[in-house]
2 protein chains.
Amino acid sequence: MQTALGMRTPAAPEPPVERPQYELIELFFFAYRDFVGDPDRTLEQYGFGRAHHRVLHFVERNPGLTIAALLDILRITKQSLNRVLKELLEKGYVEQREGLTDRRQRLLYATPRGRALAVDLACMQTKRIDRALAECGAGTEAAAKRFLAAMIEPADRPVVAQLAQHDDDLESRS
Amino acid sequence: MQTALGMRTPAAPEPPVERPQYELIELFFFAYRDFVGDPDRTLEQYGFGRAHHRVLHFVERNPGLTIAALLDILRITKQSLNRVLKELLEKGYVEQREGLTDRRQRLLYATPRGRALAVDLACMQTKRIDRALAECGAGTEAAAKRFLAAMIEPADRPVVAQLAQHDDDLESRS
DNA sequence: TCAGTTACGTCAGTGATGTTGACATATCCC
DNA sequence: GGGATATGTCAACATCACTGACGTAACTGA
């Protein structure tokens with residue numbers, strides 16, 4: 001495939017933004033780097049990478065997730081997913097069960113071991129978040145959630161909202 | 001360089017987090033994915049990737065940046081940096097000049113073409129940011145900046161602050 | 001029931017980005 | 001002049017993504 005340099009729409013008007021938000025751009029970069037850096041060090045000890053973390057996280061958060069739904073969340077190809085998922089299965093962090101109504105589906109569940117690791121990783125990230133929120137004034141948490149949610153592509157928000165919905169389910173059960 | 005994990009005040013008994021901040025963790029993931037996704041599509045047309053974007057961004061923002069300073073910002077090896085930097089040099093998006101006081105140094109500058117691309121990419125990200133901020137209430141911008149800054153590893157904040165300082169220089173000159 | 005679609009697995013090859021380790025070169029500083 | 005510093009480079013490798021093609025089992029509807 002060739003890069004179609006000459007084919008970019010010349011009529012791209014792109015109303016050129018009042019002033020680039022350099023500060024937020026850079027803060028976002030550094031904050032995210034450190035945010036994912038915490039789990040990275042732990043994952044290394046298990047022979048896992050970030051890809052494994054993402055899979056484990058969403059499976060643990062959404063018991064019974066199908067492969068198709070996971071692919072939709074992660075936005076990677078099934079070949080990419082399969083490699084890391086296979087390792088999580090072999091090492092006993094995730095398990096598959098046959099779909100209840102559709103036997104073609106593989107419903108994914110975190111094993112106790114997988115759940116423990118997922119929670120551990122989530123807690124390290126939570127520590128950084130809580131520390132950050134403690135440094136900031138009250139109301140920062142709500143503002144941060146609003147801002148991050150608004151940064152998400154509108155078309156994708158239903159998917160994200162559905163994951164959050166699932167959070168509510170879990171909470172109301174406890 | 002090692003992070004002095006073992007040297008933190010032992011009086012911190014690691015209170016194991018009240019409740020995992022699942023919502024913020026997931027929002028952060030999705031928001032960042034879309035935040036970097038915008039430039040990705042443009043970069044592809046130039047045969048560049050995210051690595052090129054990061055280098056170009058910080059060079060454009062900090063004219064005269066040295067290789068060592070850039071390595072410190074990006075936290076990658078010089079071999080990794082060299083590959084992408086070489087491409088940016090060859091394609092004429094960045095240029096090198098001899099250090100003024102130290103002739104071993106290569107001071108990096110964005111060319112006009114490089115500056116144009118860097119600004120273009122920053123503006124696409126700014127559009128998403130501005131749209132998000134417009135959706136949120138007043139005060140969200142300040143809160144978001146506070147939160148993201150607080151998420152950064154304290155030891156790294158001086159570096160980030162120095163970059164922001166440079167922003168101020170540029171502003172006061174304009 | 002049979003044909004088409006769907007859900008998933010897998011083989012093979014490639015590319016982008018990161019790593020470690022070793023070594024070369026030019027320059028600075030004492 | 002000798003050691004440290006700033007940078008460049010060669011080689012090998014790991015991770016995580018991609019495309020394309022093909023296989024299998026199970027659902028679905030005419």
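As a basis for the values below, the full set of heavy atoms in this structure was taken, side chains included, without hydrogen atoms, waters or symmetry mates. Bear in mind that the values here come from a model prediction, so they are computed numbers and not experimental data. Residue numbering restarts at 1 for every chain, and letters A, B, ... go by the order of the sequence lines.
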Checking E95(B) now: which residues fulfil side chain to side chain donor-acceptor pair (under 3.5 Å) with it, not counting sequence neighbours?
R97(B)
Using whole Å, report how far CG of L107(B) lies from P of dT7(D).
9 Å
Taking any heavy-atom pair under 4.0 Å as a contact, classify R83(A): base, sugar-phosphate, or nothing.
base
Would you say H52(B) places a side-chain N or O within less than 4.0 Å of OP1 or OP2 belonging to dT17(C)?
yes
Below 4.0 Å: OP1/OP2 of dT19(C) and any side-chain N or O of T77(B)
yes
In whole angstroms, the gap separating P of dA6(D) from CD of Q96(B) amounts to 16 Å
Just call it for E87(B): base, sugar-phosphate, or nothing, with non-hydrogen atoms closer than 4.0 Å on any strand.
nothing
Can you see if the side chain of S80(B) gets near the phosphate of dT19(C) - specifically, an N or O under 4.0 Å from OP1 or OP2?
yes
Nearest to the side chain of K86(A), heavy atoms from C-beta on, is which of dG18(C), dT10(C), dA17(D)?
dT10(C)
Could you state the CZ-C1' distance from R75(B) to dT19(C), rounded to the nearest angstrom?
16 Å
Gap between atoms CG and C1', on L70(B) and dT7(D) respectively (whole Å):
13 Å
Rounded interatomic separation in angstrom, taking CD from Q105(A) and P from dC27(D)
9 Å
Can you check each nucleotide of nucleotides 22-27 of chain C against protein heavy atoms at under 4.0 Å and return B for base, S for sugar-phosphate only, - for none, in 5' to 3' order?
B---BB
Taking ring pair (Phe, Tyr, Trp, His ring centres under 6.0 Å) as the definition, give me every residue that meets it alongside Y32(B), ordered by chain and number, with sequence neighbours left out.
F28(A), Y32(A), F35(B)
For Q125(A) and D38(A), which I'm curious about, is there any donor-acceptor pair between the side chains at under 3.5 Å?
no
Can you tell me how far P of dC16(D) sits from CG of N82(A), to the nearest Å?
14 Å
L43(A) has an atom CG; how far is it from atom P of dT15(D), in whole Å?
13 Å
From CD1 of I76(B) across to P of dG8(D) the rounded distance in Å is 13 Å
Does a side-chain N-to-carboxylate-O contact under 4.0 Å join E98(A) and R106(A)?
no
H53(B): which residues meet the ring pair (Phe, Tyr, Trp, His ring centres under 6.0 Å) condition with it, sequence neighbours left out?
none
Ring pair (Phe, Tyr, Trp, His ring centres under 6.0 Å) partners of Y93(A), counting only residues at least two apart:
F48(A)
Residues which pass ring pair (Phe, Tyr, Trp, His ring centres under 6.0 Å) with F58(B), listed by chain and number, not counting sequence neighbours:
F29(A), F30(A)
